[in-house]
Amino acid sequence: MPCEQIMEIEVPMGELVVSKEEGNLYSRAVGSCLMITLYEPKLKIGGMIHAMLPLSVTHDPSASLRQPDAKYVDTAVDSALEKIQALGADRKDLEAKLVGGANMFGLSNSDIGKENVLSAKKKLKHEGIKLIGESIGGSVGRSVEFSVATGIVTVKISF
Amino acid sequence: MANEEKLNKINETASQRCTAALSKLIGAETGVVFSQPVITNVRKVSPLIGSQELGVGVFLPVAGGVTGSSLFLFPKETSFHLCDLLMKKKPRTIKKLIPFDEMVLKEVGNILLGNYLAVLSNSLKGEITEGMPKLSSGMFGAILEEVIAGFAKDSAEALVVRIELMVKAMSMKGYLLLIFKPEEVKVLLNAL
């Protein structure tokens with residue numbers, strides 16, 4: 001019996017990918033960046049964000065106007081919600097997971113990873129989206145894979 | 001003079017300075033070669049150097065004439081070899097880094113990055129100062145993310161240089177990265 005090929009889609013830094021029913025969305029070597037997965041389990045619609053910075057407003061007031069990508073947590077969540085809803089999902093049925101947000105150099109005066117996580121939690125709460133899982137913080141790199149068919153997020157930690 | 005030619009000249013001078021400094025630190029004849037300089041957008045660095053390789057990064061913030069970050073990145077095996085050499089241990093003795101080893105590697109990073117920045121500083125005829133070294137280990141891509149993130153909003157550019165250390169018939173390879181805002185890269189290249 002022929003084996004069905006699963007589509008593997010990389011989500012590079014500052015980008016987001018949304019898919020319905022199929023595909024494994026992945027990113028290798030995640031450090032201070034934050035991977036946010038959003039999933040609608042009944043319709044099997046999923047999105048994965050690879051955000052680099054916590055807030056578009058703090059870092060660049062005009063970012064949301066001229067940066068259509070997923071560089072910032074807040075505007076990336078807005079873009080992902082728009083795309084996911086366009087595929088038929090209702091935001092009240094969405095479940096979110098967070099992966100990453102490490103502080104690789106143990107910098108005490110600047111912890112972008114932690115700020116990314118705090119920003120995502122605040123944004124998800126504001127949008128009324130349930131946060132159901134996380135693998136965050138520390139000073140470790142992570143590889144993450146998100147199956148859109150099942151909603152399962154697999155995280156590998158490397159030291 | 002073309003940018004590549006200018007950068008090759010910087011590499012040549014930095015190689016000489018680093019060779020002298022590292023030979024003194026290790027107590028043996030050492031060769032340091034900087035080569036293949038590439039200037040690229042910060043988000044393209046990770047695919048360029050291979051994000052999944054396990055390694056160690058020594059990071060130094062840069063201030064003064066230009067503001068940016070510098071990073072010496074090398075494979076995990078190289079970190080063990082360097083520690084063996086510097087601690088006068090037999091090859092392949094160290095298999096895991098302890099805090100003292102990390103301190104030693106920070107010093108190596110400080111010497112390499114500091115000398116490279118000193119050459120740039122001389123060319124700029126302005127002072128470039130570097131901060132305290134910080135060390136991280138893990139996948140190249142994960143180490144890079146934190147350094148890159150601070151510059152993500154500006155679409156900053158990185159100078160990526162290959163580095164080869166040759167000590168006692170052993171060759172160790174890694175990368176030296178300098179990240180600056182785009183306008184500062186122009187200032188830098190014009191000054192060279």
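Chain naming here is simple, since letters A, B, ... match the order of the sequence lines and numbering starts at 1 in each. Not measured: the values here are computed from a predicted model.
Between A/F146 and A/Y26, the gap from one ring centroid to the other reaches at least 6.0 Å.
We find that A/E40 and A/K44 are not joined by a salt bridge, their nearest charged nitrogen and carboxylate oxygen being 4.0 Å or further apart. A salt bridge does not link A/K97 with A/E134: every distance from a Lys NZ or Arg NE/NH1/NH2 to an Asp or Glu carboxylate oxygen is 4.0 Å or more.
Contacts of A/N116 with chain B are absent, with no heavy-atom separation under 4.5 Å from either backbone or side chain. Contact annotation for B/L71: only side-chain heavy atoms (C-beta onward) come within less than 4.5 Å of a heavy atom of chain A. Heavy atoms of B/L135 lying under 4.5 Å from chain A belong exclusively to its backbone.
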Mind listing the side-chain donor-acceptor pairs of residues 157-166 of chain B below 3.5 Å, one per line with the distance, residues two or more places apart or on another chain?
| residue | atom | partner | partner atom | Å |
| --- | --- | --- | --- | --- |
| B/R162 | NE | B/Q36 | OE1 | 3.0 |
| B/R162 | NH1 | B/Y175 | OH | 3.4 |
| B/E164 | OE2 | B/S171 | OG | 2.6 |

